[in-house]
Amino acid sequence: MQGYVKTGNSQPVWLFPFVVAVVLILSVLPLARLAMVGIGAFANGGVIDVLSAPSLWSATYYTVVTSVLGTVISLIIGCLFAFLLTLTDIRGKGPLSFFFVLPMMIPPQVTALAWVQMSGPSSPLLKALDIAPPLGSPQPLYSVGGIALLYGVQHAPLVYLALRAGLMTLPRDGVEAARLSGASSLRVFRDIILPLSLPGIIAGAAISFVSCTGNFGIPAILGIPASIFTLPTLIFTKFSAFTSRTFGDVAVLAAIIAMISVAGLMIQDRALRGRDYRVIGLSGASAAFELGAWHLLFTPLLWFILFFMLAAPFFALVAGALVPAYGVPLTFKTVSLHAFQEILFRQAVTRTAFINSLSLAGATALGLLVVTVLAAYALTRRRDALSRIVSSLIEIPYSLPGIVMAVALILVFAAPIPVLNVSLYGTIWIILIAYFSSFFAVSLKPVVSAFHQLDPALEEAARLSGAGFFRRLFDIIMPLIAPAAGASVILVFLIACNELTISALLWSAGTQTLGVAIYNLDDSGSSDLASALSVLIVLMVVVMMLLLEVLAKRLPKGVVPWRS
């Protein structure tokens, strides 16, 4: 047993300290550095200057208002889909769930660009249909309401997933007993299902609120043209006008974003405190309500909502990519593939962005897989308080808005690394480290789920036969968790490839990603090129999700989010 932890789990003595060291570097160090710089700014009086600036209070106001309104919209849409797709016999549940989750996987700047192309007097699609508003009419999305609407569309799937997880555990026997007692479907829903659904609704609202607070892509495209700045876009503009005080200022702003996010989570905790939602008896969503004639209302309603959430913006995006300039109507005379040819074969910037995003996403997905397999092994074999603390620390960077982690890592790597005297700031490596930090939890979840389903007797038999740790890992464990590992790689690759919030602050010349390229193209007036690049990204997202769909039958429950 020499070289192993003597706790009955046969871990190598180096394994758990290795996991702790990785978590300290990726999670604890950046957040501690952010706190130190914020405290330093407070001690030097810089906080007073930041807090007294009108731009801060305006940005905070717009952040809170758009996040609250966006959360309300996401709750309305997400709850409607969750209740109907989970508790009723509505037709087409699989496709409806797949397409409803899709907006969550699409980069927010692509969502904003698509909706801009779909609305307003210059929309190529509306002009082609001869239903565009008169020239000179304002773009309705360049407003607080427009930002909130797209927040709701982007984050409604988060509410759907959080609520559906709770609905899947509803007590079948309680629902059936109420029906046998003569209670109507409406009475069962109001008195049994709705109260037991509150944890999922509140959790979904909290997740949506935090996501809205840290969203950069939507307010960058819709808010900046209308001089509506949220805290993430205010941080971006401060970095654009870099001064000697920038680091202290953005540390304070990032701390404010974090506090708003934590406040949302605390409200969630307060709402659930003291309530007992344990379910006794058989659970499951098989106790579905029969819609009967209501099919004629609800089925078209869901597809109608999906059309305006997904299909219409995508068609507008395609139309915007096929015309020579924004505002030109799409006709047989104006249609052209010039934008696609330009971004694929002529624009060095977009080629670089493709290479950077695919390389970063691939390196993040594969690199994190190595770390998460070891972390999952260590954390599932240990069941003590320290392992639970480490698990929580892994979750924190993903729970916080991406802009906060980007600022934290800038503060860590702004100066050369001691001893090595190597500077990572302004290189592609700082983006890679940021992706590792932010997406560690995403990579870990499916692998941990697979480890929980493994029979430890298999590995124990191999250990007693003399097989070392790595022999057991490669010959026994990896083949059994391979489907979950594949899902982990695809999920991380998908999220990292389309990321904008983190790379918007960390990129420099030659390290721009696809998300940054889309924003820069649109900001420079090349909306046709931005639309063409966005169309290709949406198609890539759909292909990756279909790959997950193919793997779904071999994966632990909950790994593929849109499947039951």
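A quick note: this is a predicted structure, and the numbers were derived from the prediction, not measured.
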For Tyr425, all residues meeting side-chain contact (heavy atoms from CB on, under 4.5 Å), sequence neighbours excluded: Phe239, Ile410, Ser423, Ile430
Evaluate side-chain contact (heavy atoms from CB on, under 4.5 Å) for Leu161 paired with Met104, printing each intermediate quantity in order. CA-CA 11 Å; Leu161 295 175; Met104 181 181 71; 3.8 Å; yes
So does Phe440 get a backbone contact from the side chain of Ser443, meaning a donor-acceptor N/O pair under 3.5 Å? no
Yes or no on side-chain contact (heavy atoms from CB on, under 4.5 Å) for Val37 and Val407, after CA distance, side-chain angles and deciding distance? CA-CA 11 Å; Val37 173; Val407 170; over 6 Å; no
Whether the side chain of Ser357 engages the backbone of Leu514 through a donor-acceptor N/O pair (distance < 3.5 Å, no angle test) should be reported. yes
Answer whether the closest heavy-atom distance between the side chains of Leu253 and Ile257 falls below 4.5 Å. no
Are Ile537 and Pro107 packed together at the side-chain level, in the sense that at least one heavy-atom pair is separated by less than 4.5 angstrom? yes
Considering non-hydrogen atoms only, spot the tightest contact between Ala517 and Ala353 and give its length. CB-CB, 3.8 Å
N/O donor-acceptor pair under 3.5 Å between Ser197 side chain and Ile193 backbone: yes
What distance do Ile502 atom CD1 and Leu409 atom CG have between them, rounded to the nearest 0.5 Å? 8.0 Å
Tyr519 to Ile221 - nearest heavy-atom pair and separation: CD1-CG1, 4.1 Å
So do the side chains of Val153 and Trp115 get within less than 4.5 Å of each other, counting heavy atoms only? yes
Taking all non-hydrogen atoms of both residues, which atom of Thr513 and which atom of Glu499 are closest, and how far apart? OG1-O, 3.9 Å
Is any side-chain heavy atom of Thr71 less than 4.5 Å from a side-chain heavy atom of Tyr151? no
Does Ala484 offer a backbone N or O that forms a donor-acceptor pair with the side chain of Ser488 under 3.5 Å? no
Rounded to the nearest 0.5 Å, the CG atom of Leu306 sits from the CG atom of Leu96 at a distance of 6.0 Å
If you take all heavy atoms of Gly217 and Leu500, which pair is closest and at what distance? CA-CD2, 3.7 Å
What distance separates Thr511 OG1 from Ile355 CD1, expressed to the nearest 0.5 Å? 13.0 Å
Side chains of Thr66 and Cys212: does their closest heavy-atom pair fall under 4.5 Å? no
Check whether any side-chain heavy atom of Leu546 sits under 4.5 Å from a side-chain heavy atom of Phe98, and report yes or no. yes
Go through the steps to decide whether Tyr398 and Val442 satisfy the test side-chain contact (heavy atoms from CB on, under 4.5 Å), and finish with yes or no. CA-CA 8 Å; Tyr398 184 67; Val442 178; 3.4 Å; yes
Ser437 (side chain) donor-acceptor with Ile433 (main chain) under 3.5 angstrom: no
Kindly say whether Val412 contributes a backbone atom to a donor-acceptor pair with the side chain of Arg33 at under 3.5 angstrom? no
Main chain of Leu369, side chain of Thr372: is a donor-acceptor contact present, judged purely on distance under 3.5 Å? yes
When you compare the side chain of Phe413 with that of Trp429, does any pair of heavy atoms fall below 4.5 Å? no
May I ask you to decide if Thr63's main-chain N or O and Thr230's side chain share a donor-acceptor pair within less than 3.5 Å? no
Keeping Ser27 on the side-chain end and Leu393 on the backbone end, is there a donor-acceptor pair under 3.5 Å? yes
Interatomic spacing from CG in Leu80 to CG in Leu84 - rounded to 0.5 Å: 5.0 Å
On a heavy-atom basis, which atom in Phe100 and which in Pro157 lie closest, and how many Å separate them? O-CG, 3.2 Å
Rounded to the nearest 0.5 Å, how far apart are CZ of Phe493 and OG1 of Thr364? 9.5 Å
Give me the atom names and distance for the closest heavy-atom approach of Ser534 to Leu113. OG-CD2, 3.5 Å
Steps toward side-chain contact (heavy atoms from CB on, under 4.5 Å) verdict (Ile201, Cys79): CA-CA 7 Å; Ile201 295 173; Cys79 290; 4.2 Å; yes
Check: Ser438 side chain, Ala434 main-chain N or O, donor-acceptor pair, under 3.5 Å: yes
With Tyr377 as partner, the option from Phe18, Phe469, Phe470 fulfilling ring pair (Phe, Tyr, Trp, His ring centres under 6.0 Å) is Phe469
Roughly how far, to the nearest 0.5 Å, is CD1 of Ile218 from CD of Gln154? 4.5 Å
Side-chain heavy atoms of Val370 within contact of Leu366, under 4.5 Å: no
